[in-house]
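The block underneath contains the structure these notes are about, expressed in structure tokens.
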Amino acid sequence: MSTEKSKIKIRIRKNDKVKVIAGKDKGKIGKVLDVYPDKHRILVENANIVKRHTRPSAQNKQGGIVEGEAAINWSNVMLVCNKCMSPVRIKMHQLEDGKRVRICRKCNEIIDAS
Ligand SMILES: [Zn+2]
């Protein structure tokens, strides 16, 4: 991993809408289920579905194969702006109350939902 890359901060948060821009699920849009900042990986709904072999457990008495999302590198996704309905670049902006929000570079709309 290059030092250049590790300097970049993750600006994607849980429940964001993102588009996969690289890899086998390129083009898919999904909700961010989880973010792992120290690994530079995120879990995206319906992206990078992998089959896992599981042992019998309380939830799944037979065990076998289950399908689920696996985390992907966060650089393989882009945040989707709800107004532009497309992947956009974002910039940070500080509001008058000091709160930092993410803004769409295209339409200048605040992306943070809450
Ligand atoms: Zn926008």
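The figures that follow rest on heavy atoms only: side chains count, while hydrogens, waters and symmetry mates do not. As the structure lists them, so they are numbered: ligands from 1, and atoms in each ligand from 1.
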Under 6.0 Å from the [atom1] atom of [X], do we count more than 12 heavy atoms belonging to anything else shown?
X: K26; atom1: NZ; answer: no
X: K61; atom1: NZ; answer: no
X: Q62; atom1: CD; answer: no

Within the 4.5 Å heavy-atom criterion, are M78 and V88 side-chain neighbours or not?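 SC-SC contact between M78 and V88 ruled out.
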- Message: With a 3.5 Å distance limit and no angle check, can you tell me whether T54 reaches the backbone of G64 through a side-chain donor-acceptor pair?
- Response: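 At least one qualifying donor-acceptor pair exists.
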Check: Short question: side chain of R11, backbone of R102 - any donor-acceptor pair under 3.5 Å?
Finding: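 Side chain of R11 to backbone of R102, a donor-acceptor pair under 3.5 Å: no, none is there.
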Strictly under 2.8 Å of the Zn ion (ligand 1): which protein N/O/S atoms qualify?
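Per the 2.8 Å query on the Zn ion (ligand 1), atoms found are C81 SG, C84 SG, C104 SG, C107 SG.
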